[in-house]
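Inspection log for the structure reproduced underneath, given as structure tokens.
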Protein chains: 2
Amino acid sequence: MTGQEKKDAKQRIYDAAISLFARKGYAAVGVREIAKTANVNISMICYYFGKKVDILKAIINECYDKYYQTILNIGDESTPTQERVRLIVRNLVEFFRANTELAMVALNTLPIDIPEIMELKIKWMSRKSKATIELYTQLGLDTNDVVKINVIRAVLTTIILEHFQFRYAWKHIMQTPNKSKYTREFIKQETIPEYNDAFYEKYSEILAELYFHGLNSIVAHNPASEEGNNTTK
Amino acid sequence: MTGQEKKDAKQRIYDAAISLFARKGYAAVGVREIAKTANVNISMICYYFGKKVDILKAIINECYDKYYQTILNIGDESTPTQERVRLIVRNLVEFFRANTELAMVALNTLPIDIPEIMELKIKWMSRKSKATIELYTQLGLDTNDVVKINVIRAVLTTIILEHFQFRYAWKHIMQTPNKSKYTREFIKQETIPEYNDAFYEKYSEILAELYFHGLNSIVAHNPASEEGNNTTK
DNA sequence: ATTTTAATCAAGCGTTCGTTTAAAACAAAC
DNA sequence: GTTTGTTTTAAACGAACGCTTGATTAAAAT
């Protein structure tokens, strides 16, 4: 009760940063804005995190950590293939639903010109590649076919992330008080459901269906006019 | 020959901005850096574009304009469905291939806190929604089923964009002189093909396959335990 | 020959950036 | 009640930010 009622300053800074980075992007948010949102002094950020980029590091680490717990928790090779696909879709959807802003920041931030972030992302992507190979093999996919791998590499994550980004943007569009002509027209034209449990149950089911049958079709796909240029290391 | 040899200043500013925005993100790039890269004085940017945000507007407009030329150029309803899917995938891949940086900037920039950009994007997205309805109908998709629409809404664009973002990032990873342990390990572990015409022909074919069969599976999908909660406006 | 227009430049406006410092406030421990 | 270590504060550092100004140049139009 001695001030434990409110979250400690570090957590408030962290939460404010996630929220602001998600909405504006990492570079567009200043430390002063984070401090103000978190109701702390500017130098608290330095005190708890060091540099601004260290907040981003913490965000990326938390996100990928949770992300990999998610995709690893889909049973082993004894589980039927379609069931595993259903599980991975369902888990991913739940992950993004529970960590929308966290995932938006971690997955959207362009790392190319921030070497430390680039390295961090590469470290995690390296893990992911290894983790997914096993699933691809079970699906019957030729993991030496670089084209097929390039097509499906990040399909699931990307599709789901895009959905939550659209949902996130939509929420902000609706909250904007003064809407332009185009915006009002767009709102009228789009049919947006309630994003509740029922929606995401159906969403996961349909996405799993699409993913499973899509994958099966390219596993079976062997073009006639192609010689084996699939192991071009 | 009177200085027409080099592109005019406005074009140099525009090209520099696209390249820098793609690599670092809009907010992380300053006008001074754009001017320096374009080899012009800072005030030329104001002279030709006005505000910094006006460069972004021009980029977004050019991108979406080309984008819609692309997705509209896939024949009409008399064209066989699978052929139209093949066409739209092929065209989209060619579009992203020819305009990678332009598309990265236009599609990745977070618009929520820049009202003018938000409006611009909404204007274009509104057009897209209308344009794709016709194709969905031909595919046999129930366009009143908000869940199915939510699943496939931006699937194609998102998948292809992700591929080119990965390719873009990979190029920069390889160009970095001092690579860390993780990076070297990642490079060794990944098999990256030559991204030439042959690759993208096969890539388009496989993606079209995945998309077509995935779509067909969800068109046919009618869950038993669901009553009609699909018109929840 | 004179005026108009378009293009370019150096310099600087006020503001905000990420970061740091040194000291105050506070807690618990002795 | 003093000490000790943690948390918080105000103030300020130099650098970079977006943007503007006023002068200069060269070509075009009159």
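Every chain is numbered from 1 and lettered A, B, ... according to where its sequence line falls, protein lines coming before strand lines.
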Less than 4.0 angstrom from a charged side-chain N to a carboxylate O is my criterion; do [X] and [Y] meet it?
| X | Y | value |
| --- | --- | --- |
| E185(B) | K130(A) | yes |
| K51(B) | D54(B) | no |
| E33(B) | K36(B) | no |

Rounded distance (nearest 0.5 Å) linking atom CD1 of I114(B) with atom CD of E119(B):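 The CD atom of E119(B) is 13.0 Å from CD1 of I114(B), to the nearest 0.5 Å.
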Between [N] atom [atom2] and [X] atom [atom1], what is the distance in whole Å?
| X | N | atom1 | atom2 | value |
| --- | --- | --- | --- | --- |
| F49(B) | dC19(D) | CZ | P | 13 Å |
| K51(A) | dT20(C) | NZ | C1' | 11 Å |
| D54(B) | dC19(D) | CG | P | 8 Å |
| L56(A) | dG18(C) | CG | P | 13 Å |
| E116(B) | dG18(D) | CD | P | 15 Å |

Contact letters for nucleotides 7-12 of chain C, in which S counts primed atoms plus P, OP1 and OP2 and B counts the base, heavy atoms under 4.0 Å: BBBB-B
Earlier contact from the 5' end, DNA chain C, for E33(A) and C46(A):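 That would be E33(A).
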Verdict with supporting geometry, Y195(B) and W170(B), ring-ring contact (aromatic ring centres under 6.0 Å, His included): CA-CA 12 Å; Y195(B) 296 116; W170(B) 182 268; 8.9 Å; no
Within residues 13-30 of chain B, residues whose heavy atoms come under 4.0 Å of DNA chain D: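 Contacts with DNA chain D under 4.0 Å: V29(B), G30(B).
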Aromatic centroids of Y203(A) and H163(A) separated by under 6.0 Å: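 Here the rings of Y203(A) and H163(A) have centres that are less than 6.0 Å from each other.
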Residues which pass side chain to side chain donor-acceptor pair (under 3.5 Å) with T158(B), listed by chain and number, not counting sequence neighbours: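 Side chain to side chain donor-acceptor pair (under 3.5 Å) check on T158(B) returns nothing, list empty.
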Name of the residue among Y200(B), Y64(B), Y67(B) meeting ring-ring contact (aromatic ring centres under 6.0 Å, His included) with F95(B):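 When ring-ring contact (aromatic ring centres under 6.0 Å, His included) is applied between F95(B) and each of Y200(B), Y64(B), Y67(B), only Y67(B) qualifies.
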